[in-house]
Structure formats: C-alpha cells, structure tokens
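Below: the structure, in structure tokens.
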There are 2 protein chains.
Amino acid sequence: MRILIVEDDPLLADGVAQLLRGAGYTADYVGSAEQAESALAAESFDLLVLDIGLPGMDGLELLSRLRARHKAIGVLMLTARDALNERVRGLNLGADDYLTKPFAAVELLARVGALARRSRGQSSLRREFGPLSIDDEAHRAWLHGQPLDLPQREWAILGFFLDHPEKVLSKERIVAAVCRWDQDMSVNAVEVYVSRLRTKLEPAGIRIRTIRGLGYMLEDLPHDAKPA
Amino acid sequence: MRILIVEDDPLLADGVAQLLRGAGYTADYVGSAEQAESALAAESFDLLVLDIGLPGMDGLELLSRLRARHKAIGVLMLTARDALNERVRGLNLGADDYLTKPFAAVELLARVGALARRSRGQSSLRREFGPLSIDDEAHRAWLHGQPLDLPQREWAILGFFLDHPEKVLSKERIVAAVCRWDQDMSVNAVEVYVSRLRTKLEPAGIRIRTIRGLGYMLEDLPHDAKPA
DNA sequence: GCCCCCATGCGCATCCTCATCGTCGAAGAC
DNA sequence: GTCTTCGACGATGAGGATGCGCATGGGGGC
C-alpha cells in the first residue's frame, strides 16, 4: 500500500509520513500540487493524503484534475477546521474522506486504514480481541456481544491499545497518539482514562497491565486465569 | 450498470462520476458530444447523463442523433434552472428525465437509480428499513403502513441515511449530500432536521443515534430492546 | 401558509486537573 | 536472609471548565 502525501508544511508532511511508515505503509511526500502531478505520472500510488490549502494550484483543483486520469486512487483530504465550504466541495468533487487540521495520530491512521481497506474491496474491519469486538467504521464496540459505549478519548486510547496488543506502551506515546498537536495532556490524564477503561473491560477479562516505570500493556486473560 | 456522463465542466463531470461510482455504478465521462458519440460507438452503456449546454454540437442535437441508433439507452438530461424551453424540447426528443443545475447529490442518485431500475424492467423500488418504507420514485414514505409526509429537506436527509444505514455520518457529509453545490448550510440546520426526523421516526422504533463529536447514525432498534 | 435556515440560550456529557490514598521496589540495618 | 523504612510511582474520586448538541423563536423566501 503506497501513499503520497501532498502537504506544503514540511514538518507536518514529514510527521504524517513517519506515522504512516510506522504503521506499515510506504509513504512519500511532495510539497505542491504540481509536484504531486509529476509524482503520480511517474509512479503508482494507492492513496493520496491531500492538503487542500496549497500554494499555487490548490488542492481542490488538483483533485478534479487527478480524477480524470488516476481514477482508482483514494483521496483523504486535509482541511482547516473552519473551512466548511471546502470540505463540502471536496466531498462533492469526490474526495473519499476528510480530516480537519489539527488531528490526532490515531484519527489519521483510522481513516487511512478505512480507505486502504475499501480500495482492497474489503468492507469495514471488525477487530476482535478476546471478548471485545470493535467496528472502527461504525464506531461501535461490543463486549460479549453487549454494546459498549465509549467517549472519544477512551475510544481513541482503546483503539491505540488494539493497534499494539501485547506491547508495552508508554504514557508519553499514548499522549502523542491521541492528542492533536495543538493540544497537550498530562500523563496523569492517561492514567485516568486507563482507569476508566479498566472498570469497563476488566469484568470481561481484558486487562490493562501496569508495567511500572514503563507504561501499560493490553492483555487478554483467558478463562483459566479465573480469580479466586 | 454502466453510465456515461457528457459534461464539459470537468469539475462537475468528475464530481458526478465519483458520486455514481460511490453508489456502485461504473461511470465514465467525456467533455463533448463528439466524444460521446465515439464512446457510445466503441462501448456499451446503459445510461447517459447528458448536459444540454455543450460547446460544439449541443446536447439536444446529440440526443436526437443518438435516439436514431441507441434506442434502448436511458437519458438523464442536465439543464440550467431557467431553461424551460430546453427541458421541454429534451423531453420531446426522448430524454427520460431531467435535473436542473445546480442539484444535490441525493437528487442525482435518486433519479439515476430510478432510471436504472426502469431499464432493468423493475418497477419502483420500495426500500424498507424496519417499519419504514420508502418509495423514491413516488416520493412517498410509510411508517407501519401509515403515510408519512416529509418536506424536501427531511426527505433528502432521510434518504441519505437510508443509503448508509448503520454507518456514522458526519454533519458535514450530510450537508455535502443534500445541498446543491452553490448552496451552503450550517451544521446547525442538520441538527434541526435530525431533530424533526426523530420526533417522527422514533415512536416507530427507528433511532438516529448521536455519536458525540462525530455525527449521527441511523439504526433500527428491534422489539427486544423494549424500555423498562 | 409552509418551508427553510439561523441565532440564541440552556443542559449535560466529556475532559482534564488536582489531591489523596494505595502500592511497589529498593536500600539499609540487623 | 529478612525485616523495615522511605521515596517514587500509580490509582482513583471529586470538581470545575469547556464545548457539543438540542430546543425554540423568528425572519425571510417561495
């Protein structure tokens, strides 16, 4: 799965590229619509992450020009938070999804994942972890078949855990994943949400283990580890 | 179901193509009547979305020439809002339906759907969702068999929900679907219509669930979920 | 008149910080 | 080796700020 990022802010472009590479995608970036056209002409990409606010030819124009030739490519558009009009036009022009800046890492990964799946012709992914079942697209979760409803923050953190099951995740890393880059969050806040998740998940046998000094780890304790 | 779009504005052509592809059709577009003739000669299409105002040979002329050979093809004609004359002539020349520009995404989908069904020899499609029953062509709705009447906007939004049942739809996405591209609408307006739809649908067991921070989702709560 | 849409105000879920309490681990004394 | 003590880290409950979503009233247009 090869992804082209079109973003004039090099810092952001690089951050996004790193993030996607970390998730197993191949990601390259260019800084303008013109460069994007040549890149797409020269090589083949499966997905485009396209900033609408570009210098020179703007993203919407690029989008409509691209559609004429690269028909199959999925487009995730990045817009400013208040540019409702752009978002509407973009969606009408055939962007597949959008994300408003600033966004959090897990949001981007979720959207890209959904588009990647769709381009492979798969439907929405149901992730399973023990008795827990997550449908990212429908944004729903079940525990033993019972609907479980989670506020945004808890949802994001749980999603991040599920991206890295049985791995130790530091609190700093969790903050980086679920916070937009204009926000900040104390590590204590993470502790709070982990605590809340525990009260919801632990009765079902899903544990978030504390690794003292290092972070947390999601684990599924099978039935044999029944408490006395 | 293969559709050819004949439209000289590439932005619009592309938007329409994307929209139709998103709905599961195969859609291609060309920018002039001449190109349309060669495309139709070379390959087979089931439906034509034809802009009347074309440079060079105009849409009406193309339509009359086409009818001589491709008799079976359905034609949805696009006209300017005030061009009553063209519409009349177009219908006389054998267009099957028309849409005035600018139009909203859901309108186009509804018309194309109707023509597609007709070409398959099916009569009007009754979509069912729990106790709700929708006849797009007749533009009527029933709830438990009781006629339900809905103003345009509510109709459009409900139709969009039915196109994506059990999926989270952001308010922006709803705006993009039901607004013509020359319009804009605050997300607040969506809230208002959702509220109205709820008062009408909820007594019958159809819920529009709020996903805080993300949007809405249509769901049918079966009888077993009876409140205490 | 009916429909559409916006502005305003309110209520509440969510989020995050703070403060307190509990727990774990290491080091030192015996 | 074992017990104790102490310090740091983590857990959790409470409270305040924030912002989202909902309801309502009214103005404008067809």
Side-chain angles (χ1 to χ4, degrees), chain A residues 81-82 84-85 88 100 102 104 106-107 139 141 148-160 168-180 182-203 207-218, chain B residues 81-82 84 100 102 104 106-107 139 148-160 168-180 182-202 207-218:
Chain A
R81 189 154 288 272
D82 48 2
L84 175 63
N85 218 1
V88 170
T100 55
V106 288
E107 291 184 63
H139 206 266
L148 174 69
D149 101 316
L150 296 171
Q152 280 187 92
R153 272 296 199 261
E154 294 175 36
W155 176 272
I157 291 178
L158 178 57
F160 189 53
V168 179
L169 301 177
S170 74
K171 296 171 194 175
E172 285 80 8
R173 235 178 117 203
I174 295 174
V175 168
V178 304
C179 268
R180 302 189 324 234
D182 64 335
Q183 294 181 320
D184 211 358
M185 201 169 128
S186 72
V187 291
N188 188 354
V190 176
E191 294 167 3
V192 170
Y193 293 120
V194 166
S195 167
R196 297 212 180 132
L197 282 172
R198 285 213 255 239
T199 63
K200 292 176 184 174
L201 299 179
E202 220 142 87
R207 246 181 87 199
I208 300 176
R209 193 147 68 94
T210 301
I211 317 292
R212 208 181 161 80
L214 290 177
Y216 298 103
M217 189 172 100
L218 185 71
Chain B
R81 190 153 289 272
D82 48 3
L84 177 62
T100 55
V106 289
E107 290 183 64
H139 207 265
L148 174 69
D149 104 313
L150 296 171
Q152 275 185 74
R153 274 299 200 242
E154 294 176 37
W155 176 271
I157 290 178
L158 178 58
F160 188 54
V168 179
L169 302 177
S170 74
K171 295 171 194 176
E172 284 87 0
R173 208 172 260 285
I174 295 173
V175 168
V178 304
C179 272
R180 301 186 325 235
D182 63 335
Q183 293 181 320
D184 209 357
M185 199 170 126
S186 76
V187 292
N188 189 351
V190 176
E191 294 168 5
V192 171
Y193 295 120
V194 167
S195 165
R196 299 213 178 128
L197 282 172
R198 283 213 255 238
T199 63
K200 292 176 185 174
L201 299 179
E202 219 143 87
R207 244 180 88 200
I208 301 177
R209 193 152 67 96
T210 300
I211 317 291
R212 206 183 162 83
L214 290 176
Y216 298 103
M217 191 171 97
L218 185 72

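What you are looking at is a predicted structure, and each value in this text was computed from that prediction instead of being measured. Letters go in sequence order (proteins before strands), and every chain restarts at 1.
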(message) Check this for me: A:Glu202, atom CD, are more than 12 non-hydrogen atoms of other residues, nucleotides or ligands nearer than 6.0 Å?
(response) yes
(message) Could you tell me how far apart B:Leu214 (CG) and C:dT14 (C1') are, to the nearest whole angstrom?
(response) 13 Å
(request) Measure from CD1 on A:Ile157 to P on C:dT14 and round the result to the nearest Å. (result) 14 Å
(request) Drop me the distance from B:Tyr216's OH to B:Ile174's CD1, to the nearest 0.5 angstrom. (result) 7.5 Å
(message) As a test of reading the structure: which of D:dT12, D:dA11, D:dC22 is closest to the side chain of B:Thr210, going by heavy atoms?
(response) D:dC22
(message) Tell me if the CG atom of B:Asp149 is crowded by more than 12 foreign heavy atoms within 6.0 Å.
(response) no
(message) Taking 4.0 Å as the cut-off, does a side-chain nitrogen or oxygen of A:Ser195 come that near to OP1 or OP2 on D:dA11?
(response) no
(request) Decide yes or no for B:Arg196 and B:Arg153: does some side-chain heavy atom of the first lie under 4.5 Å from some side-chain heavy atom of the second? (result) no
(message) Using a 4.0 Å heavy-atom cut-off to protein, can you give one letter per nucleotide of nucleotides 2-9 of chain C, 5' to 3': B if the base is in contact, S if only the sugar-phosphate is, - if neither?
(response) -SSBBBB-
(message) Using whole Å, what does the distance between atom C1' of nucleotide C:dA19 and atom CD of A:Glu191 come to?
(response) 13 Å
(message) Is it the case that the side chain of B:Gln183 and the backbone of B:Arg180 share a donor-acceptor pair, with hydrogens and angles ignored and the cut-off at 3.5 Å?
(response) yes
(request) Starting from C1' on D:dC9, measure out to CZ on A:Arg209 and report it in whole angstrom. (result) 17 Å
(message) Can you see if the side chain of A:Lys171 gets near the phosphate of D:dC9 - specifically, an N or O under 4.0 Å from OP1 or OP2?
(response) no
(message) Please confirm whether the shortest side-chain N or O distance from A:Tyr216 to OP1 or OP2 of D:dC9 is below 4.0 Å.
(response) no
(message) Here's a test of your reading of the structure: between A:Val194 and A:Arg212, which maps to the more 5' nucleotide of DNA chain D?
(response) A:Arg212
(request) Take atom CD1 of A:Ile211 and atom P of D:dA11, then tell me their distance rounded to the nearest Å. (result) 11 Å
(message) Rounded at 0.5 Å granularity, tell me how far CG in A:Leu169 sits from CD1 in A:Ile157.
(response) 10.5 Å
(request) Please round to the nearest 0.5 Å and tell me the distance separating atom CG of A:Leu218 and atom CG of A:Leu197. (result) 9.5 Å
(request) Specify the separation, in whole Å, of atom CG of B:Leu197 and atom C1' of D:dG21. (result) 16 Å
